[in-house]
Amino acid sequence: MTFFSEERAAELREVFFESSQEILQGLNECGLALEKHADDPAILRRVRRALHTLKGDAAACGYLDMSKLAHDLEDAFSAELPAGKTGALAELVLTAADTFHAMLSAYRENILPPPSEAVRACLQQYLGQHPGQHPAQHSAPHSAQHPGGGPSTLPPAEHSASRGAQFGWSEYEQMMIEEAVARGEAVYNVALEIVPDSPLRAAALQLVRNVLHACGSILALRPDDNVVVEDVKVIEAAVASSRSRDWIEQKCAIPSVVSAILIEKIEDSEMKIVESGQAHLVPQAVPPSSVAALHTVENSLRVDTARIDAVMNLVGELIIGKSALQQIVSEFEKRLPRDPLRSRFVDALAFQSRVLGDLQKSVMKIRMVPVEQLFRRFPRVVRDVAKSCGKDVALTVSGQQTDLDKSILDALAEPMAHLVRNAVGHGIEPSEERIAAGKPARGMVRLKAYHQGNQVVIEVGDDGRGIDSASLLSKAIERGIITREEAARLSPAESLNLVFQPGLSTASQVTEISGRGVGMDVVRTALEHMKGSVRIESKPGVGTTFLLMVPLTLASIQALLFRAGDQLYAVPLTMVLEITRATEDEIHRVDNREVLRLRDQVLTVVRLDRLARTRPVAVARRLYVVVVAVADRKFALLVDRMVGEEELVMKSLDGCLFDAEMVSGASILGDGTVVLILNLPAVTARLGKAQPLEATA
Amino acid sequence: MDQYVPLIRKKDKQPIRFLVVDDSIFARKNLTKMIDVFGGELAGEAGDGCTAITEYNRTLPDIVLMDITMPQMEGIEAVERIVRQHADARIIMVSSVGYQENILAALQKGAKHFVQKPVRPDVLYEIIRYVLGDDAEAAPAVTTLAGEARL
C-alpha cells in the first residue's frame, strides 16, 4: 500500500525542485560566507541543515544519487572541524551546490545525473585533511533514523503510516513536548493515515481531531486548520496522555476514517534527536504531502503562476467591461440628464470601479516579488568571475526590497547576469592597474533597484575603466555598422549606445566569461521585450553604469491613445515626454531626415501614417506632436487626433494582421474598438531613419 | 451476507438500545432492520429534531443514529441539545456526502462519528462497535440470528 499516486508523486517532485532551488541558493550563500568566516559554527549548522534536508527530500523523490551525495557531505560536515583546516570548506560547499544544481537539472529533464566527481574529489581532499574521519562513523547519529518505524506487532499496512510520518515539529512545539516530558507526562507521537478515498474528508479530519482531543492534551498537530483538506493524507500529532498506549491506539482506530496508525512514545533520549534541529527525521520517508512542505514556508503558499495569470486575465476582462459601462453611463447622462436614476447609476459605477481598482491592485501584488530574489544570485557570479580572472571585486547591493512583477524579474535574470559578468570581467581593472590609477585595489560592482514613477530602475554599476567611446566608434566603423560621417555626428550618449549593436564588443580578448561579441544586443532585446529600456552612463576611468528601466508589471499599462491615419494607437505613458502642436511648415529636412525644432531641441520626426499605409496625416494643418523618449533619444510622433489616456489591459497579438514587430500588443476598449500598442523602439528605428525625399513629398 | 456478532452492554448484559432519528420512514425502517441484524434493540424513533430530544430523554438509548437534515429542528441542533444534557451521549450522524459541512458542525457539537448514506451495514457495525468501545462486548453465541439487511 502506498501513500501517493503517480500524479501525487509528480506534484511532490515539482515541490522538491522548487524548494531545492532555495536550498541551493542558501548553500551558495553559506559557501561565500565561509570564505570570509571559515569556522563560523552558525554557518556550518546552516550547511548541515541544508544538506540534511536535501538528502531527505531527494530520497523521498527517489533521487538516490543525490541523496547519497548529500548524505556523504553531511557526514563530512557533521565531523568536528579541526581549527585552521577549514580553508577547503568554502570550496567544497560551492562545488557541492554546483553539482546539486546540475543533478537537479538532469532530474528535471529525466536524464541521468552528471557524475559528481568534482565534488567527491573536493570531499576526499577535505577529508584527507583530517585523517580518521570516516563518514560511516557519523552516519548513525546524524542520519537521524526515526526511532521505531512501528513496533513489529503492527499489521503490515500500518507500516505505511510510519513511512509517511516525520513529526517535524517546530521549535515551539518541541519545547512544549520537552516540557511535558520533563513534567513526567507520557507524550506520544501519533500518525494517522486517513482512508485515501474518503469522500467526507473534512468531516473525517474533524473526527480525528475530536478523538485526539479525547486522548489527552494535544501539544502539536499537523496539518493545522488552514490547509486544503483534500491534500491531507496523514495527520500527525504529539499528545500528552494519561492513558495507555493501547487505549490510544484503540481510540485512534476509527473505522472508515483511519486506515493506518503509528504511535510511539517520546522518550527523553529521543528528544535529543528532535532537539538537534533536524527538520526531516526520516530520510527515506516521503515528505508527508506537499502540505507539510508548505509548512516550512510559513504562511506562504506556492501557486502556479498560470493560475494567477488566469485571475489577472479575468480582472482585465472586468476592466474592459467597466469601461463599456462607463461609456453607457455617459451616454445615458447625455440623453437623460434629469433622470433621477442617473446619479444612482453614477454612484454605483463609481463604487464598482473603486472595488475593481482594489481588486486589480491586489492581484498585481500577488505577482510582485522583491528584487532581492534576483540579486541573491549575484554574489556567487561576481565571486566566480573575479576568481577566474584574478581580480579583487566586491559587490554592494541596495534597494533589494523593491517589488517587481515576477515575470519581469525572471526575464531580467539573464541580461543582468550578462551585465554583471561584463562589469567584473571587463569593467573592473586588475588591481595593479587600479592602484596605478589611484583607485582602491578592490573593485566595486553595485546593484541598485528603485522606483521611478511607474517604472523600476535597476542599476548595474562598476567603478572600473569605463567604456572607451573612441575605440568603440572606430570598431563600429571598421565593422561597417556606421559610416565615418555618421560617427562624426553622434553624441557621446549615442556613441555609447553602439555597444548594443550586434557583433560589437570592445573586449580585447574573448574569454570564457564574457566578450564573445554576443550579449549586449541581447540585453537590449530582452529589455525591449518587456517594454523596458536600457541606458548607459560611462565615464572613462570612473566607471560604467547600466540603467535597466522596466515597467512594474506587464499585465496592464497606462497608455496615451491617439489616432494616426485611420488607426487608433496607444503608447505607454511612461515613454511620453510631452504633447505639443506644430504645423507642417515647422518640419524641416536635415540630411534626408525630417526634424522638428522644439524650443532648443531638434527632434526626429516619425510619421505614423506610414505604418499602415493609410491616408496620410493631413498636410499644412496644425498637427499634434507626441514627444516620446526611446533610450536616450527623443522622437516626435505626428498624429491626427488625441484620444485620451487610459489603462489598457494587454492582450497578446498572435494574428498576422499587422507588422508584429511594430506592435507590442493590443487591447480592447469599452466600446469594442481595438487599439494597437506601438512598440516604440522598433517604430522609431524604422520610421525615424532617413527617408528618400519623394516619400515625404 | 455478513455475520455480525451481537453486541451487548457490558454492565448488564442487555442488548444495545438504539434511537433512530430520520424524517424518512424508509430510512428509519432500513436502519431498524440493520439494528435488528446487529442484535440491537430499537428503543425509539423520531422524525424530527424536537422529537429526538424528548425521545432521548425518555428512552436514554446507548446509541443515536441521527439524520442531518430534518424538519422542525435540524440534526445539528438536536445533537447540540442532547450533548448539553447528556455529555456521554453517543450520536452517530447519518448523512449523504453533500452535507459535509453539517457533519463537520455536528462533530464539533459532540457527535461521535458519522456514516454515509446509503448506509452499508458492515461499515455501520464497525462504527457502532468503535463508538461503544469498552462499554460493549460480544454476546455469548446462543442465538441464531438469521436476518439480512435488505438495501
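The chains referred to below are lettered A, B, ... by the order of the sequence lines, with proteins before strands, and numbering in each begins at 1.
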Enquirer: Identify the heavy atoms of B:H113 and A:S256 that sit nearest to each other, and give their distance.
Expert: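 Nearest pair, atom of B:H113 first, then A:S256: CE1-OG, 3.9 Å.
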Enquirer: Would you call B:D134 and A:Q250 a side-chain contact if the rule is heavy atoms closer than 4.5 Å?
Expert: yes
Enquirer: Side chains of A:V257 and B:Y130: does their closest heavy-atom pair fall under 4.5 Å?
Expert: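 Result no, sub-4.5 Å side-chain heavy-atom pair not found.
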Enquirer: More than 12 heavy atoms of other residues, nucleotides or ligands under 6.0 Å from CZ of B:R129: is that the case?
Expert: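 It does not: B:R129 CZ has 12 such atoms or fewer within range.
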Enquirer: Specify the closest pair of heavy atoms between B:K112 and A:L207, including all atoms of both residues, with the distance to one decimal.
Expert: O-CD1, 3.0 Å
Enquirer: What part of A:A214 is in contact with chain B, defined as an atom under 4.5 angstrom from a non-hydrogen atom: side chain, backbone, both or neither?
Expert: neither
Enquirer: Assess whether atom NZ of B:K13 is packed by more than 12 heavy atoms of other residues, nucleotides or ligands within 6.0 Å.
Expert: yes
Enquirer: Hey, is the main chain of B:G110 close enough, under 3.5 Å, to the side chain of A:N210 for a donor-acceptor pair?
Expert: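 Absent.
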Enquirer: Of the non-hydrogen atoms in B:Q100 and A:R201, which two are nearest, and what is the gap between them?
Expert: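 In this case the closest contact between B:Q100 and A:R201 is OE1-N, 3.1 Å.
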Enquirer: Is it the case that over 12 heavy atoms from other parts of the model lie below 6.0 angstrom from the NZ atom of B:K10?
Expert: yes
Enquirer: So which part of B:A111 gets closer than 4.5 Å to some heavy atom of chain A, the side chain, the backbone, both or neither?
Expert: backbone
Enquirer: If I compare all heavy atoms of B:L104 with all of A:A202, which pair ends up nearest, and what's the gap?
Expert: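 Scanning both residues completely, I find the closest heavy atoms to be CD1-O, 3.0 Å.
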